[in-house]
Amino acid sequence: MMKSIFLLPISVLVLIGCTTPKSPSEVYDEYNAKVQQGMSYQEDKAYYTQRKQADVESKFPQYMQQMKLSRDEVIASYLSFSKAAAKCKALTLVSQVIEGDTAVLEYAQKDLCGNASEANEKQRISMINEGGWKIDELQISL
């Protein structure tokens, strides 16, 4: 009886350790779904590389001054805009190129809110593996 008590925790640890890491597109799809649902700035920030986080943080004083808003208000505005924009786009993965610790994803996007443009809409995401895939650059054509 005592042996089975010890085997259960070990088997759980083995199963947890055997999970396959998410691909860059799986991470981005998860991120996009969470943006659509709405998430906190801390949750959002966790999907970005350290370089991109520092870049965003460095721009807050400029945005605060331009928008005449507090830091929290700028963040709320960003999260609200991102959520609304994400809800209006259906994404289809076109390509995923992984080279070592870098990846480039391309998505075709279709407008769901009646704001379709004449040009082909797309997203291009550069990602870096920093203990898991993180967004380093995001280009969205509207």
Flag side-chain contact, heavy atom, 4.5 Å: [X] against [Y]:
X      : Y      : value
Ile135 : Ile125 : yes
Asp101 : Glu130 : no
Ile98  : Pro24  : yes
Leu91  : Gln109 : yes
Gln123 : Ile140 : yes
Lys83  : Gln36  : no
Glu26  : Asp29  : no
Val94  : Lys122 : no

Taking all atoms of both residues into account, what is the closest heavy-atom pair of [X] and [Y], and its distance?
X      : Y      : result
Glu30  : Tyr47  : OE2-OH, 2.5 Å
Tyr31  : Asp44  : OH-OD1, 3.0 Å
Val35  : Ser82  : CG1-O, 3.5 Å
Val104 : Ser126 : CG2-OG, 4.4 Å
Lys89  : Leu112 : C-CD1, 4.1 Å

Which of Leu69, Val74, Val56 passes side-chain contact (heavy atoms from CB on, under 4.5 Å) with Tyr63? Answer is Val74
key: Aromatic plane relationship, Phe60 with Tyr41 - under 30° parallel, 30 to 60° tilted, over 60° perpendicular   = perpendicular
Does atom [atom1] of [X] have more than 12 heavy-atom neighbours, drawn from other residues, nucleotides or ligands, at distances under 6.0 Å?
X      : atom1 : answer
Lys45  : NZ    : yes
Gln66  : CD    : yes
Gln50  : CD    : no
Gln139 : CD    : yes

Exercise. Walk me through it: do Asp55 and Tyr48 pass the test side chain to side chain donor-acceptor pair (under 3.5 Å)?
Key: CA-CA 10 Å; Asp55 182 47; Tyr48 287 89; over 6 Å; no
State plainly whether the residues Arg71 and Glu57 are in salt-bridge range, i.e. N to O under 4.0 Å.
yes
- prompt: Is a salt bridge present between Glu43 and Lys34, judged by a nitrogen-to-oxygen distance below 4.0 Å?
  reply: no
Modelled atom types, side-chain donor and acceptor of Ser70 and Glu73, under 3.5 Å
yes
Between the CZ atom in Arg124 and the OG atom in Ser95, the distance rounded to the nearest 0.5 Å is 8.5 Å
*What do the steps show when you test Leu105 against Gln96 for side chain to side chain contact (heavy atoms under 4.5 Å, CB included), and what is the final call?*
CA-CA 5 Å; Leu105 311 175; Gln96 173 176 250; 3.4 Å; yes
Please tell me whether Tyr28 and Tyr107 form a close aromatic pair, meaning their ring centres lie under 6.0 Å apart.
yes
